[in-house]
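Here, residue 1 is the first one in the sequence, and each next residue gets the next number. Because the structure is a prediction, the values reported are computed rather than measured.
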Amino acid sequence: MDTPMLRRAAKAFGVTYEQIAQDYPVGRVLAPEEMARVMMWLGSTEAAPLIGTDVDVSGGYLTG
């Protein structure tokens, strides 16, 4: 998600949003709302069978 806050943070580190986004396999930085939807699902009864695992909501950043 391209936000003014992310652009300011990128600038502080001497990079651009586009440079950050290219590091993500999905080609963009995920929006907080996208991550929140995963958390909401994990807290629902639909996720009850899911036990003892990690759920990566980094847009592939950690695996890419």
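Residues forming a side chain to side chain contact (heavy atoms under 4.5 Å, CB included) with Val38 (at least two apart in sequence, or on another chain): Leu42, Val55, Val57. Evaluation of the side chain to side chain donor-acceptor pair (under 3.5 Å) rule for Gln22 yields no partner, not counting sequence neighbours. For Ala10, the side chain to side chain contact (heavy atoms under 4.5 Å, CB included) partners at least two apart in sequence or on another chain are Val15, Ile20. Contacts of Met5 classified as side chain to side chain contact (heavy atoms under 4.5 Å, CB included), with partners at least two apart in sequence or in another chain: Thr3, Arg8.
Interatomic distance, Thr16 OG1 to Lys11 NZ, rounded to the nearest 0.5 Å: 12.5 Å.
Gly59 and Pro25 get closest at one heavy-atom pair: O-CD, 3.4 Å.
Counting only residues at least two apart or on different chains, the side-chain hydrogen bond (donor to acceptor under 3.5 Å, both in side chains) pairs with a member in residues 47-57 are Asp56-Ser58. The side-chain hydrogen bond (donor to acceptor under 3.5 Å, both in side chains) analysis of residues 39-52, with sequence neighbours excluded, yields the pairs Trp41-Glu46.
Clustering ILVMFWY residues whenever any of their side-chain heavy atoms sit less than 4.5 angstrom apart, transitively, puts Leu50 in the very cluster that holds Met39.
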Checklist entry - Taking it one step at a time, do Val29 and Tyr17 satisfy side chain to side chain contact (heavy atoms under 4.5 Å, CB included)? => result CA-CA 9 Å; Val29 179; Tyr17 168 82; 3.8 Å; yes
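Between Glu18 and Arg28 no salt bridge is recorded (no basic side-chain N to carboxylate O distance below 4.0 Å).
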